[in-house]
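Counting starts at 1 for both ligands and their atoms, in listed order.
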Amino acid sequence: MVETPAEAASGADAESDDAASRSGRDFGEAAATVAISIRGLVKQFGDNHAVAGIDLTVPAGSFYGIVGPNGAGKTTTLSIVAGLLRPDAGTVVICGIDQAKEPLAAKRVMGVLPDRLRTFDRLTGRQLLYYYGLLRGLAADVIEKRAADLARAFDLGDALSRVVSDYSAGMTKKIMLAGAMIHSPRVLVLDEPFESVDPVSSAVILDILRAYVSHGGTVILSSHGMDLVERVCSRVAIVVGGEVLAEGTIDEVRAGQTLEARFVELAGSSGEVEGLEWLHTFSD
Ligand SMILES: Nc1ncnc2c1ncn2[C@@H]1O[C@H](COP(=O)(O)OP(=O)(O)OP(=O)(O)O)[C@@H](O)[C@H]1O
């Protein structure tokens with residue numbers, strides 16, 4: 001059976017590289033119950049208020065979904081949480097660690113799947129996982145075992161010796177997800193983890209993430225898959241125009257409707273179908 005990163009962390013061989021013990025931290029009571037606390041988050045790009053005052057509390061051991069229309073500010077928010085982008089205002093506290101004051105310590109407890117899949121794609125899959133493991137301070141034998149476990153779980157075994165630039169979009173997503181998990185972090189920050197991933201692989205990834213959460217890990221993800229969020233997430237936030245319009249358990253947010261119906265109700269329809277009549281008269 002393949003070990004999930006969370007199981008690996010709870011296993012006999014893994015205590016030495018557990019993120020918490022490496023950082024030498026005593027995760028306090030608040031950190032034990034709250035994995036991510038976001039307060040008053042603001043980020044502007046020129047005149048564009050990408051994030052316009054977001055407050056979110058992600059309980060430890062939860063599967064948390066952020067949904068919203070294109071350009072709503074999901075990636076910007078997750079990038080700030082991950083420490084990849086500086087906010088103009090507001091605070092992000094990860095497992096009790098202030099992201100702005102102790103960025104390295106905060107990064108240590110997180111695994112991140114960033115937007116746009118930028119990575120060192122001239123490396124083979126095996127080299128990339130090895131590199132991720134080294135960056136996380138893992139010993140070579142631990143990396144090799146975990147890389148093999150993750151490659152098996154993500155069905156990437158045959159691809160490990162190929163360069164990542166030759167991978168499909170879904171394969172690239174899977175190898176980067178594996179890289180985000182290799183140090184068995186307490187928190188996974190995943191930007192659209194299921195985009196481009198086939199249904200079989202999605203089911204496997206979900207199983208891995210569910211087991212991770214059931215062992216105390218926390219997942220925060222963005223997704224356009226309303227069904228998926230409704231099925232797997234314990235809590236959800238609907239973000240529109242850089243603001244949280246609804247937040248709570250799935251049942252609270254969908255308020256008797258499907259999540260998709262509630263989403264459309266809150267996000268509204270911004271597209272305009274009129275004016276495209278020329279598309280119905282073919283040019284040839
Ligand atoms: N680096 C940047 N420079 C300028 N504007 C940016 C930058 N990054 C994001 N934006 C803008 O901020 C807003 C929020 O973008 P963001 O990528 O966070 O949205 P999103 O909710 O993740 O959208 P999608 O669902 O399409 O991925 C958009 O208007 C976008 O154009």
Does CZ in Arg39 sit with more than 12 non-hydrogen atoms of other residues, nucleotides or ligands closer than 6.0 Å?
-> yes

Where on Ser222 is there a heavy atom closer than 4.0 Å to ligand 1, on the side chain, on the backbone, on both, or on neither?
-> neither

Residue pair Met181 / Ile208: nearest heavy atoms and the distance that separates them = CE-CG2, 3.9 Å

Where do Glu247 and Ala237 come nearest, in terms of heavy atoms and distance?
-> CG-CB, 4.0 Å

Same apolar cluster: Ile97 and Val93, side chain cutoff 4.5 Å | no

Gly73 to ligand 1: N or O pair under 3.5 Å?
-> yes

Looking only at non-hydrogen atoms, find the nearest pair between Leu209 and Phe194 and report the distance.
-> CD1-CZ, 4.2 Å

Looking only at protein heavy atoms, what sits closest to atom 14 (C) of ligand 1 is Gly71 O, 3.4 Å

Considering only the protein, which heavy-atom contact is closest to atom 15 (O) of ligand 1, and what is its distance?
-> Thr76 OG1, 3.8 Å

Whether Glu192 lies under 4.0 Å from ligand 1, heavy atom = yes

Identify whether Leu156 and Val204 are in the same connected component of the hydrophobic contact network (ILVMFWY, side-chain heavy atoms under 4.5 Å).
-> yes

Honestly curious: do Leu190 and Leu206 fall in one hydrophobic cluster under the side-chain, below-4.5 Å linking rule?
-> yes

Is the shortest distance from a Lys or Arg side-chain nitrogen in Asp149 or Arg152 to a carboxylate oxygen in the other one below 4.0 Å?
-> yes

Between Asn48 and ligand 1, which part of the residue brings a heavy atom under 4.0 Å of the ligand: side chain, backbone, both or neither?
-> side chain

Does an N or O anywhere in Gly68 fall below 3.5 Å from an N or O of ligand 1?
-> no

Heteroatom proximity flag, Phe45 to ligand 1, N/O under 3.5 Å = no

Per-atom filter on ligand 1: closer than 4.0 angstrom to a heavy atom of His224 are 25 (O)

Protein heavy atom at shortest distance from atom 17 (O) of ligand 1 = Thr75 CB, 3.5 Å

Taking side chain as C-beta onward, heavy atoms only, is Asn70 less than 4.5 Å from His224?
-> yes

Consider ligand 1: state whether an atom of it lies below 4.0 angstrom from any non-hydrogen atom of Pro69.
-> yes

Atom 12 (O) of ligand 1: the protein heavy-atom neighbour that sits closest, reported with distance to 0.1 Å | Ala50 CB, 3.3 Å

Would you mind running through ligand 1 and noting each atom that sits below 4.0 Å from a heavy atom of Asn70?
-> 23 (O), 24 (P), 25 (O), 26 (O)

